[in-house]
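I have placed the structure first, in the form of structure tokens, so that the comments after it can refer back to it.
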Amino acid sequence: MEAKQLKPPQSLSAKFEGSFAYLTVRDRLPLILTKVIDTLHRNKNNFFDEHGEAGIEAEKKAISFLSKLRNELQTDKPVLPLTDGAEDIEAWNQYMQRQQSLMEDEQPVSWFKSPWLYVECYMYRRIQEALWLSPRVGDFDVFKEGKTQSFFESQQATKSLCMYLREVLIGRNNPNKNPLLEQFLKFLQVSLWGNRCDLSISAGQDNSQKTSPIDTLADLQRFILVDDSADLWAVLMAAQASGGTEIRGATVDIILDNAGFELITDLVLADFIVSTGLAREVRFHGKSIPWFVSDVNKQDFNWTIMQTMASNHKETSACGVQWKRYMKEGVWSYHDHRFWTLPHAFWDMATEAPDLYSSLQSSNLVLLKGDLNYRKLTGDRDWEHTVPFGRALRGFQPAPLCSVRTLKANVQVGLQPGQGEKLTSQDPDWMTSGKYAVIQFFSPPKEQVCS
Ligand SMILES: O=P(O)(O)OC[C@@]1(O)O[C@H](CO)[C@@H](O)[C@@H]1O
Ligand SMILES: [Mn+2]
């Protein structure tokens with residue numbers, strides 16, 4: 001196996017002054033913390049209504065933990081072990097030890113000196129700790145308001161997408177008019193560009209989809225730097241062919257990213273592949289705690305389906321009803337393994353979360369949405385752009401997999417020689433602006449068959 005033995009390049013980090021990582025830790029993360037504090041403060045009366053004085057006390061306590069956290073971050077204090085007693089703290093604290101062993105001159109692990117991926121994940125986990133240590137507000141999702149707003153602000157785009165899906169599914173009886181592959185590519189690309197709508201990059205500012213997503217696809221095509229969609233199609237076709245007399249079609253895992261419009265595009269893609277028989281099962285994976293401002297958790301997932309069902313727009317509501325049915329029948333399912341909210345690169349999954357790894361091994365295709373998943377796939381390292389995607393995965397190969405991502409961090413592998421340099425000269429922000437995207441596929445080598 002090509003392997004973990006080969007040392008990867010250095011981690012992106014705020015220690016490189018002026019880098020995107022540095023600017024994120026210096027500017028964006030404290031801003032996000034300030035907004036979280038403000039949200040708690042604005043909800044004070046709700047906490048009072050629910051829990052009386054104890055609710056107000058809890059709100060104050062959480063705010064004081066969060067202000068302390070913001071101060072630690074801004075003054076580059078050492079990262080502290082977690083203390084809330086949740087089941088994941090051992091994994092977090094061990095990871096901190098591992099980071100410590102990598103520090104030069106025994107310097108402490110700290111916000112501006114340690115890997116960006118680690119400290120950014122850690123901040124979201126510390127936000128959760130502040131809430132869990134303040135019991136009455138422990139279940140409060142500090143990012144819910146933003147996610148709800150972004151869902152409602154994308155209503156127009158949602159309606160046109162749902163209408164389009166219903167038309168395609170109804171018109172399917174005439175395959176000449178609607179070749180399946182062409183339609184699949186459209187829904188895949190809509191889900192790809194849906195990833196532009198995350199709220200972490202904009203520090204919670206509105207980033208919703210306003211225009212009809214299908215109409216813009218042709219113009220956006222040239223911004224897809226790596227397009228391995230043909231490989232995805234081949235995997236789906238192979239799963240159809242190998243079904244024998246049993247139910248055919250692929251088992252697809254979608255590792256979700258953001259709530260709001262991106263989630264709608266993912267549900268529409270999942271609906272399309274199941275309704276057309278390309279897939280027989282879709283397993284969605286989300287986060288078990290509020291994460292990176294807009295990431296989907298179980299509550300967001302169920303809420304989105306309910307809201308879609310309740311729409312007064314006929315086709316949108318029909319989609320919601322169908323999605324609910326798929327969930328009820330078990331054709332769709334939602335999972336939230338705690339590994340998705342740990343700071344590890346995915347190449348650690350097999351040892352850190354063997355149950356999750358082995359469940360992904362039963363998949364025909366794993367789709368990983370978004371930028372953070374790409375950072376974790378590649379370990380958030382300073383790879384040369386021409387390094388093959390498979391090598392940057394360093395042994396993470398549970399099943400054929402594909403990153404569906406708009407670029408919002410300085411990591412991109414698998415490009416042609418000279419492609420990265422050309423982009424840098426034409427468009428210096430190409431890796432962080434969200435303007436470019438990849439549909440990047442990797443398939444594990446076939447098992448050697450001994451004769
Ligand atoms: O995973 P997503 O939602 O596509 O992006 C999350 C993200 O915006 O958060 C970080 C900035 O804080 C960036 O690295 C990354 O692009
Ligand atoms: Mn996200």
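Each ligand, and each atom within it, is numbered from 1 in the order the structure gives. All values below come from the heavy atoms of this structure, side chains included, with hydrogens, waters and symmetry mates left out. The first residue in the sequence is number 1, and the count goes up from there.
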Item checked: Considering only N, O or S atoms of D295, the one closest to the Mn ion (ligand 2) -> OD1
Notebook entry, point to check: What do we get for K369 next to ligand 1 when only non-hydrogen atoms under 4.0 Å count, side chain, backbone, both or neither?
Noted result: neither
Margin query: Among residues at least two apart in sequence or on other chains, which ones pass salt bridge (Lys or Arg N to Asp or Glu O under 4.0 Å) with E59?
Written below: none
Notebook entry, point to check: What atoms of ligand 1 come within less than 4.0 Å of a heavy atom belonging to N195?
Noted result: 4 (O)
Next item on the list: Return yes if a side-chain donor-acceptor contact under 3.5 Å exists between Q322 and R166, otherwise no.
Entry: no
Checklist line | L372 N/O to ligand 1 N/O under 3.5 Å | finding: yes
Check: Does ligand 1 have any atom that is closer than 4.0 Å to a heavy atom of F20?
Finding: no
Item checked: Whether S11 side chain and S13 backbone form a donor-acceptor pair below 3.5 Å -> no
Next item on the list: State which residues pass salt bridge (Lys or Arg N to Asp or Glu O under 4.0 Å) with K113; sequence neighbours excluded, sorted by chain then number.
Entry: D76
Notebook entry, point to check: Is the backbone N or O of M96 less than 3.5 Å from a side-chain atom of Q99, with the two atoms forming a donor-acceptor pair by type?
Noted result: no
Item checked: Residue W116 vicinity, atoms of ligand 1 by number, heavy atom under 4.0 Å -> 14 (O)
Check: Sub-3.5 Å donor-acceptor pair from the side chain of R283 to the main-chain atoms of V331, do we have one?
Finding: no
Checklist line | the Mn ion (ligand 2) to nearest N/O/S of S294 less than 2.8 Å | finding: no
Next item on the list: Determine, using heavy atoms of R405 and all atoms of ligand 1, whether some pair is separated by less than 4.0 Å.
Entry: no
Notebook entry, point to check: Looking at Y122 versus W111, is the centre-to-centre ring distance below 6.0 Å?
Noted result: yes
Note to self: Does any N or O of ligand 1 fall below 3.5 Å from an N or O anywhere on E120, backbone included?
What the structure shows: yes
Next item on the list: Start with the C-alpha distance between F16 and Y22, add both sets of side-chain angles, then the distance that settles ring-ring contact (aromatic ring centres under 6.0 Å, His included), and finish with yes or no.
Entry: CA-CA 6 Å; F16 303 111; Y22 171 80; over 10 Å; no
Notebook entry, point to check: Polar-atom distance check: T24 versus ligand 1, any N or O pair below 3.5 Å?
Noted result: no
Item checked: Nearest candidate to atom 13 (C) of ligand 1, where distance is taken over non-hydrogen atoms, out of K408, M123, K376 -> K408
Notebook entry, point to check: For the Mn ion (ligand 2), what is the closest N, O or S atom on D257?
Noted result: OD1
Check: With a cut-off of 4.0 Å, which atoms of ligand 1 are near a heavy atom of N258?
Finding: 3 (O)
Margin query: Suppose I only count heavy atoms of G370 and a 4.0 Å limit; which atoms of ligand 1 are within that range?
Written below: 4 (O)
